[in-house]
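So the structure is just underneath, and the comments pick up after that.
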Amino acid sequence: MPEEQTAFPEGFLWGAATSAYQIEGSPLADGAGPSIWHAFAHTPGRIADGETGDIACDHYHRYRDDVALMAELGLTAYRFSINWGRVFPEGTGRTNPRGLDFYRRLVDALQARGITPMATLYHWDLPLSLQTRGGWVHRDSAAWFGDYAQAIFRALDDQVHLWATLNEPWVVAVGGHLNGDLAPGHRSPAEAALAGHNLLRAHGTAVQAYRAEVRPPGESGTPHGIGLVVNLEPQHPATDTERDQAAAARRDAFINRWFLDAALLGRYPDALIEGFGSAWPDFPGEDLRLIREPLDFIGVNYYSRGVVRHAEADVPARAERVRQDGRPHTAMDWEVYPQGLTETLVRVKEDYGNARLYVTENGAAFPDSSPRGGMVSDPDRVAYLRAHLQAARQAIAQGVDLRGYFAWSLLDNFEWAYGYTKRFGLVHVDYVTQTRTPKASARLYGEIIRSRGAALNGEEGG
Ligand code: FCB
């Protein structure tokens, strides 16, 4: 076989990803406590079309069928998140065994099908009771999260061996506390800086709990460990002027290096601190030691790149995105830029010490046509998937220790403030009947998986 056909290593995880609030529905079932997303979605004006996650994909009731579908598509791994408030309705203290039981049944179903689970402990759905105590801005949030993580490790570590602490803490800090587009909807630079810091302390605390609680799985060769999932996008200057180059560097520090430098190098980038100015507190040195607790892997969520120019008013990075007219864009208006995935993975390897990596999210929303005769034609997503998997393979060829790829998303789902208007799924969901219809991209993905990447070389599949 030519070398590029074998570039995906033995045991490479071929997965898809979801998150609890986006697919489960039944947010208050069986004694669960409400989350900030439940409250936010029920606040008029926050979500497109006034939608909520009350039903979503009804995965809470249909998880068995959804796991069967994953097996049918040929997935070898599945990344999902745990809704903290199902297990601790008030966030701390009393546990709710029925909530925990849902995740127990889910991971049992995955294991029964030979699908490797990767569980994310926090994908944005903070218990509302903890928000009323200050949420991520409260210094105790790290301890709240540590206790929750410890309980989950104890309950599920016999079946789950891959753990992600937080999904995209940057988005929680910026979308939730600086721009206010996401729950809890605050707009304060000082809160964003503090929330980001406490999220990182929470991450470090959970990693310590993992080291204390969890023994490596008995079977050798089982992928295991704990990591942090970050959203990364290369920042390219719109022109080669020094001003724009400096703007791209600042935006890189803001988006990419904020959480990576802290978690892996134990420091915050100077450009980030300068950007926040007086809103950035003087954090104690010992916090950074906790934040830097050694990790087993880094999860990279990659969707697009940024092309940026200097913009004085756009704090903290003083940079703004320049749309690349004439280039393909998704329904989110994100430029399709597959080579940015190679660039990102290689950069993480070079700057952060060749860590084990997973692509924990990658995918695209497009205005898909409705199912016809049990099929959905999604040529743009097919092209996106193909090009990005080729880009991942390129990174492996350049020495990146990439161990798996998770497409975002298994199912069309609740896309946060966009409600149900953006479809990211490999599988189409009819929200009225809850019918699942695999799109052409799902079929192609199955072929790629079965051929361990060789199907990426042909032209077929569209
Ligand atoms: C990521 C989120 C995920 C989904 C995709 C499109 O930032 O982690 O939940 O919304 O974007």
Side-chain angles (χ1 to χ4, degrees), residues 15-25 27 35-37 40-41 46-48 51-53 56-57 59 78-84 118-126 164-179 181-183 196 199 203 227-233 254-256 258-259 298-306 321 329-337 340-341 344 358-368 378 380-381 384-385 388 405-427 429 441:
T18 63
S19 88
Y21 190 75
Q22 293 180 277
I23 65 163
E24 287 177 357
S35 73
I36 55 172
W37 265 96
F40 193 72
R46 290 303 202 172
I47 311 294
E51 285 291 354
T52 71
C57 306
H59 175 75
Y78 175 55
R79 173 173 176 249
F80 65 98
S81 79
I82 295 172
N83 172 354
W84 183 343
M118 178 190 281
T120 302
L121 292 170
Y122 186 72
H123 201 125
W124 307 358
D125 41 7
L126 189 75
T165 54
L166 309 173
N167 180 70
E168 301 186 349
W170 183 84
V171 175
V172 178
V174 172
H177 298 82
L178 185 65
N179 302 331
D181 300 333
L182 303 175
L199 281 154
H203 157 78
L228 175 68
V229 171
V230 287
N231 52 294
L232 301 180
E233 49 173 62
F254 176 51
I255 297 183
N256 300 317
W258 180 350
F259 290 88
I298 304 167
V300 175
N301 292 356
Y302 175 82
Y303 289 92
S304 187
R305 69 164 168 174
R321 178 175 167 245
H329 286 70
T330 72
M332 303 292 282
D333 206 29
W334 297 344
E335 182 189 349
V336 178
Y337 190 74
L341 176 57
T344 297
Y358 296 94
V359 173
T360 34
E361 285 179 28
N362 173 244
F366 289 108
D368 300 331
D378 62 339
D380 292 332
R381 189 173 296 96
Y384 185 101
L385 178 69
H388 284 78
Y405 172 92
F406 294 80
W408 183 272
S409 180
L410 176 69
L411 303 169
D412 289 338
N413 61 44
F414 178 82
E415 179 47 35
W416 308 113
Y418 294 92
Y420 298 98
T421 61
K422 306 291 179 199
R423 292 180 176 270
F424 274 91
L426 296 174
V427 174
V429 175
S441 54

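Counting starts at 1 for both ligands and their atoms, in listed order.
Under the side-chain contact (heavy atoms from CB on, under 4.5 Å) test applied with Arg46, the options Trp416, Trp37, Phe40 reduce to a single match, Phe40. The side-chain contact (heavy atoms from CB on, under 4.5 Å) test with Leu232 singles out one residue from Asn301, Leu341, Asn256, and that residue is Asn256.
Considering backbone and side-chain atoms together, His123 places an N or O closer than 3.5 Å to an N or O of ligand 1. Taking only nitrogen or oxygen atoms, main chain and side chain alike, Trp334 does not reach within less than 3.5 Å of ligand 1. Between Trp124 and ligand 1, no N or O atom pair is found at a separation short of 3.5 Å.
Between the side chains of Tyr78 and Thr18, at least one donor N or O lies within less than 3.5 Å of an accepting N or O.
Distances below 4.0 Å separate heavy atoms of Glu415 from the following atoms of ligand 1: 4 (C), 6 (C), 10 (O). Below 4.0 Å from some heavy atom of Phe424 lie the following atoms of ligand 1, by number and element: 6 (C). Every atom of ligand 1 with a heavy atom of Trp416 under 4.0 Å away is listed here by number and element: 3 (C), 4 (C), 9 (O), 10 (O).
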Practice item. May I have the step-by-step check of side-chain hydrogen bond (donor to acceptor under 3.5 Å, both in side chains) for Tyr384 and Asn362, ending in yes or no? Key: CA-CA 9 Å; Tyr384 185 101; Asn362 173 244; 3.3 Å; yes
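With a 4.0 Å cut-off on non-hydrogen atoms, Asn167 touches ligand 1 through its side chain and not its backbone. Contact annotation for Glu361 and ligand 1: only side-chain heavy atoms (C-beta onward) come within less than 4.0 Å of the ligand.
A salt bridge is defined here as a Lys NZ or Arg NE, NH1 or NH2 lying under 4.0 Å from an Asp or Glu carboxylate O, and Arg381 with Asp368 meets this definition.
In this structure, OG in Ser409 is found 9.0 Å from CD in Glu415, a value given to the nearest 0.5 Å.
For atom 5 (C) of ligand 1, the closest heavy atom belonging to the protein is Tyr303 OH, 3.2 Å. Scanning the protein heavy atoms around atom 7 (O) of ligand 1, the nearest turns out to be Glu168 OE1, 2.5 Å.
Between His123 and Trp408, the ring-plane angle classifies as parallel under the 30° and 60° cut-offs.
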